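Accompanying notes for the structure given below.
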Amino acid sequence: MNILPFSPPKLPSLVHFLHFCRNISLMGEKVRVRFAPSPTGPLHIGGVRTALYNYLFAKRHGGDFILRIEDTDQNRFVEGAEKYIVESLKWCGIMPAESPESGGKYGPYRQSERKEMYRQYADQLIKSGNAYYAFDTPEALEALRKKMEEEKAPNTSYCASNRLTMDNSLVFGIEEAEKRVAAGENFVIRFKMPDNNQVEADDLIRGRVTVNTALLDDKVLFKSDGMPTYHLANVVDDHTMDISHVIRGEEWLPSLPLHVMLYKAFGWEMPQFAHLPLLLKPDGKGKLSKRDGDKMGFPVFPVEWHNPDGEVYSGYRESGYLPQAFINMIALLGWNPGTEQEIFSREELSELFSIDRVNKAGARFDPEKAKWFNHQYIMSQGLDDVTEAFMIELQKHNISVLREFAAKVCDLTRERVNFVHEIWQQSAFFFVAPAGYDQEVIKKRWKENTPELLRGVIENVMQKTRFDAFLLKPALEDYCNNNQIGMGPIMIGLRLCMVGAASGPDLFAIMEMLGKEEVIQRIETGLQKIK
RNA sequence: GGUCCAUUCGUCUAGGGGUUAGGACGUCAGGUUUUCAUCCUGGUAACAGGGGUUCGAAUCCCCUAUGGACUACCA
């Protein structure tokens with residue numbers, strides 16, 4: 001009898017309870033996360049993983065995942081990059097709730113289209129004394145850098161220790177600066193970094209990070225071309241879009257203190273931050289980059305990328321990866337649920353994902369394991385889907401067959417491949433008679449009496465048995481037993497005639513599919529050609 | 001150079017003071033398949049180093065080493 005008003009917690013429910021506690025801390029504010037790439041080129045798998053983790057985090061907490069395009073650098077704009085990003089995410093099944101395409105109530109979602117709003121925020125910081133106008137020429141900046149380097153100063157850039165020696169409004173006042181601005185002079189707006197403050201920032205993955213502002217510089221917030229820099233735009237947008245969690249790559253960790261200072265200067269509540277570890281090259285030297293893939297023999301991009309200059313970079317999609325396999329693989333590169341499960345559906349990932357199980361250290365990408373994942377999915381996927389993909393492969397080889405036949409071929413061969421396109425290599429003999437025969441096998445296994453044996457099989461088995469794998473096998477066995485012939489040589493001989501090699505699926509299944517006429521024809525051809 | 005971050009089998013990782021340091025990929029061996037592949041079974045292989053703290057450290061602290069990121073009017 002249970003006298004408690006509720007059942008006592010069992011071990012599994014303790015886990016749920018902990019999840020529940022974490023959820024409570026997330027309640028009250030809706031989870032809103034963003035993936036914010038800049039359209040300066042294709043998205044590689046590191047970027048896709050960042051997008052995926054954001055997406056999964058949103059799903060896990062019933063929040064929104066949004067896509068924002070950070071195109072504040074007009075010089076680095078690359079034609080087609082944004083389209084590529086959208087297409088890649090789509091292929092991966094990472095669908096944003098709000099995006100430049102679909103819109104949303106926090107739009108626009110392209111920073112270039114939000115241009116007007118940034119200046120007022122920069123002005124706000126000037127008014128509150130947290131930012132200032134600067135008119136320094138590139139030459140002056142370069143001279144400053146050199147000088148500070150020579151002095152071996154701890155901070156070699158524009159900062160508290162030297163800003164009063166430069167050409168800015170801290171030196172000659174705001175009014176003077178505004179006059180110069182009105183006169184059309186080029187200017188930037190810089191953040192006035194306090195001199196000696198300890199900035200503390202909490203990271204969901206790394207814990208507390210502390211930096212002294214003396215080591216930080218006066219970053220440009222607003223550029224002379226009228227656009228904000230990433231730092232300003234990012235903070236303003238995350239705030240105005242009600243972003244609750246900023247999940248981004250580790251390369252942003254060094255600018256976290258700046259961003260924290262910006263939130264403080266604006267007097268805004270900060271989102272929570274999580275900096276993801278980087279994806280490393282397979283040899284472990286440095287972060288994965290654009291050219292690594294094709295150099296090392298695997299794709300780094302989700303889908304094929306055509307550079308405006310004509311260069312082509314291979315993609316997972318074109319290489320024959322299934323999107324689910326790809327997602328599964330990258331999800332596990334830096335995260336795991338703590339169990340020994342390795343294959344996860346999208347839904348499972350959405351249920352299980354949690355930031356606190358993301359690793360701190362960078363992960364090297366392993367192309368071999370990527371293939372294994374794909375194999376798992378080729379095996380577990382519905383035969384229809386595999387057949388569908390294989391039909392397309394067949395077209396490339398100018399083969400047209402009944403879908404039913406292709407499905408049988410897939411069923412027989414998919415366990416031996418990592419990719420759908422490899423099915424062709426494993427199954428071409430189903431569609432075309434072998435053009436040649438494996439010499440090694442002939443040398444070893446094709447005996448003097450093999451032709452004689454095969455003729456006997458044609459006469460006594462082929463001609464007399466219905467072409468069904470379940471009937472052919474016992475028929476051949478009976479024949480061999482009755483005449484005291486070993487099965488081995490016959491099987492190898494037949495296989496050589498059918499396939500051209502000593503490999504492939506069950507021989508009887510092959511013969512059933514080929515049909516009596518074709519089988520006999522191939523034996524005849526083999527008898528002529530194999531010596 | 002400076003700042004920050006990281007470090008468990010070759011690779012991805014489990015591990016929150018007491019474990020024969022577990023799993024997966026790869027690799028090797030055996031078995032199944034009269035082929036090849038799949039599959040099964042087994043083997044291989046790791047706490048970067050040095051100091052602490054502790055009865056006891058892979059686990060906590062410090063130093064060193066190594067690796068990485070950042071150090072633009074790029075994101």
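Per chain, numbering begins at 1; letters A, B, ... match sequence-line order. Side chains included, hydrogens not; waters and symmetry mates left out as well; all remaining heavy atoms used. Because the structure is predicted, anything quoted here is derived from the model rather than measured.
- Straight-line distance from the CZ atom of A/Phe191 to the C1' atom of B/A72: 18 Å, rounded to whole Å.
- For A/Tyr316 and A/Phe326, the gap between ring centers is short of 6.0 Å.
- Residues forming a salt bridge (Lys or Arg N to Asp or Glu O under 4.0 Å) with A/Lys473 (at least two apart in sequence, or on another chain): none.
- If you measure from atom CG of A/Asn359 to atom P of B/C47, you get 19 Å, rounded to the nearest angstrom.
- Among the nucleotides B/C25, B/A69, B/C74, the one closest to any side-chain atom of A/Arg76 is B/C74.
- Aromatic rings from A/Tyr230 and A/Trp252 are positioned such that their centres are separated by under 6.0 Å.
- If you check residues 333-342 of chain A against RNA chain B, the residues with a heavy atom closer than 4.0 Å are A/Leu333, A/Gly334, A/Asn336, A/Glu340, A/Glu342, listed by number.
- Annotation: of the two residues near RNA chain B, A/Arg206 and A/Asp506, the 5′-most nearest-nucleotide partner is A/Arg206.
- Sorted by residue number, the members of residues 247-261 of chain A with any non-hydrogen atom under 4.0 Å from RNA chain B read A/Glu250, A/Glu251, A/Trp252, A/Leu253, A/Pro254.
- Comparing the P positions of B/U59 and B/C4 gives an interatomic distance of 23 Å, to the nearest angstrom.
- With B/U7, B/C73, B/U38 as the candidates, the nucleotide lying closest to the side chain of A/Ala361 is B/U7.
- The shortest distance between side-chain heavy atoms of A/His245 and A/Phe273 does not fall below 4.5 Å.
- Counting only heavy atoms from C-beta on, A/Val209 has its side chain closest to B/C4 among B/C4, B/A37, B/A24.
- For the pair A/Arg495 (side chain) and A/Ser503 (backbone), a donor-acceptor distance under 3.5 Å is present.
- Between A/Lys360 atom NZ and B/U8 atom P the separation is 13 Å, expressed in whole Å.
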